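Atoms within a ligand are numbered from 1 in the order they appear, just like the ligands themselves. From a predicted model like this one, the values you see are computed outputs, not experimental measurements.
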Amino acid sequence: MFASLASTRLAGLAPARAAFASSSHAVSWRTNGRRISTAVHFYQNRVLEEYASKPATRLTLRQLVFFGKSMNEERLIKSANYVRTELPIRIAHRLRDMQALPYVVVTQEGVAKVYELYWNAFDKFRRYPEITNLEENDAFCAFARGLLNDHKSVIPNLSLGLSLSSPYLLPDRLDTFMRRMLVSRISRRVLAEHHIALTQSIKSQGLSPEARESVGIISTGLKVQESIEKCARYLRKRPRDVDDDALTGALSDADWSDVIVDGHQDTRFAYIREHLEYIIFELLKNSFRATRLKHPTARVLPPIRVTVVASDNDVYLRISDQGGGLVSPEIKSPADLFSFSHVRNATRLAEPRLGALRTLSSSQRGMTATVSEQIGRGQPGNDGDVPPDSVNPHPRIGIGLPMSNIYATYFGGSLELVSLDGYGTDVYVRLPKLGKNLEGIEL
Ligand code: COI
């Protein structure tokens with residue numbers, strides 16, 4: 001709707017450089033530096049500017065744990081009001097980024113929808129009244145949960161829009177924009193989900209919880225080997241990807257490599273389980289698939305080796321497979337696999353991938369119903385049943401690696417791919433274990 005409205009109005013204004021300025025019912029644009037807007041649009045942008053000019057108050061993982069450890073009613077209310085006032089600031093920064101996009105990007109499928117979702121969330125958060133007691137906090141949690149659900153389709157919509165925009169945006173600009181959007185989204189979801197989890201734990205365990213295995217959404221003694229084994233088990237239960245080329249029929253046990261965990265197997269650290277398991281799940285998924293495709297006639301597939309090492313400051317994971325490496329006609333360098341631009345990664349404009357993104361963008365399932373996100377919600381050590389959505393083959397939308405990279409770097413870690421061309425791939429993940437780094441959001 002936005003696209004057609006804007007393009008009708010802009011007809012004849014070439015060469016126009018237009019940008020979002022408001023929600024679908026209130027559109028304005030810039031052309032050759034001249035702003036055309038109604039008073040309503042002007043007011044709305046003034047409100048946005050007011051929020052966008054404030055810096056985000058960034059936190060460390062350690063602060064999230066310490067604050068949540070000694071919870072009482074007063075602190076819970078403080079946490080609620082922090083989320084209430086912080087989220088509109090963080091959303092405003094990204095709305096402003098979207099307003100600065102060239103018009104050709106704005107009109108791509110998916111982008112306008114994300115803008116609408118963010119404008120709506122910004123408006124609702126900024127108008128939300130102060131929370132003063134537990135009852136109001138419950139209502140606030142229900143409100144935040146609703147928005148978290150509404151935003152499940154953001155990643156497929158954004159990926160679709162940015163993939164379609166990639167012929168018109170320089171790859172660096174596109175990747176910088178996308179990275180800022182995704183990191184900021186993770187940060188907002190962390191704050192909202194952490195607060196909701198703190199509220200739930202107070203309800204189930206009373207106001208003075210003693211030492212627990214988790215504080216909010218942070219597992220205080222996350223067992224890395226257990227997470228690796230859990231992800232491997234889930235993957236084995238999962239049907240093949242829809243484009244698992246060269247292979248047909250159901251997968252049997254022989255289609256799965258063994259996963260060998262070595263190194264410091266008893267490593268535990270404080271981290272967000274969902275983030276760690278997202279990364280492990282996606283990396284193992286790639287390794288399993290590559291190994292299967294590289295050795296189509298092998299009776300026993302070569303194993304995948306995961307080496308875990310804990311140093312004083314970091315936890316390292318090296319995932320080594322014999323899946324042939326990462327070279328392909330579409331990908332020149334392994335780092336290009338993190339790119340959302342078709343210039344660096346031609347698969348971004350491949351029709352099956354766009355089709356899968358379109359399906360996810362328009363479904364209510366969005367991204368959080370994927371297996372990788374669902375397993376993150378399980379209780380420690382309990383991998384539950386095969387999630388319902390794994391009955392059908394999964395579409396491959398190609399964002400597992402870039403998202404894993406963003407999760408790894410979010411609290412100051414790293415993810416590097418080394419292709420041993422023709423043989424296999426080593427992925428090195430480093431995650432800081434002391435939780436002293438600020439969230440990696442940009443202002
Ligand atoms: C998102 O998921 O994109 C968010 O910004 C979440 C927030 C509205 C609670």
Between His275 and Tyr271, how do the two ring planes meet: parallel, tilted or perpendicular, split at 30° and 60°?
perpendicular
Any donor-acceptor pair under 3.5 Å linking the side-chain atoms of Ser53 with those of Glu49?
no
Step by step, would you call Phe281 with Tyr234 a ring-ring contact (aromatic ring centres under 6.0 Å, His included)?
CA-CA 9 Å; Phe281 187 93; Tyr234 261 97; 7.3 Å; no
Report the nearest protein non-hydrogen atom to atom 5 (O) of ligand 1: residue, atom name, distance rounded to 0.1 Å.
Arg188 NE, 2.7 Å
One finds that the ligand 1 atoms under 4.0 Å from a non-hydrogen atom of Tyr118 are 1 (C), 3 (O), 5 (O)
May I ask you to say whether Asp314 pairs ionically with Arg430, meaning some side-chain N is under 4.0 Å from a carboxylate O?
yes
Starting from atom 7 (C) of ligand 1, which protein heavy atom do you reach first, and at what distance in Å?
Leu87 CD2, 4.3 Å
Please list, in number order, the atoms of ligand 1 under 4.0 Å from a heavy atom of Leu148.
9 (C)
For atom 1 (C) of ligand 1, what is the nearest protein heavy atom, given as residue, atom name and distance?
His151 ND1, 3.3 Å
From Val215, Thr199, Leu76, residue fulfilling side chain to side chain contact (heavy atoms under 4.5 Å, CB included) relative to Met71:
Leu76
Nearest non-hydrogen protein atom to atom 2 (O) of ligand 1, with distance, is Arg189 NH1, 2.5 Å
Please find out if less than 6.0 Å separates the ring center of His93 from that of Tyr51.
no
May I ask you to list the atoms of ligand 1 that are less than 4.0 angstrom from any heavy atom of Arg185?
1 (C), 2 (O), 3 (O)
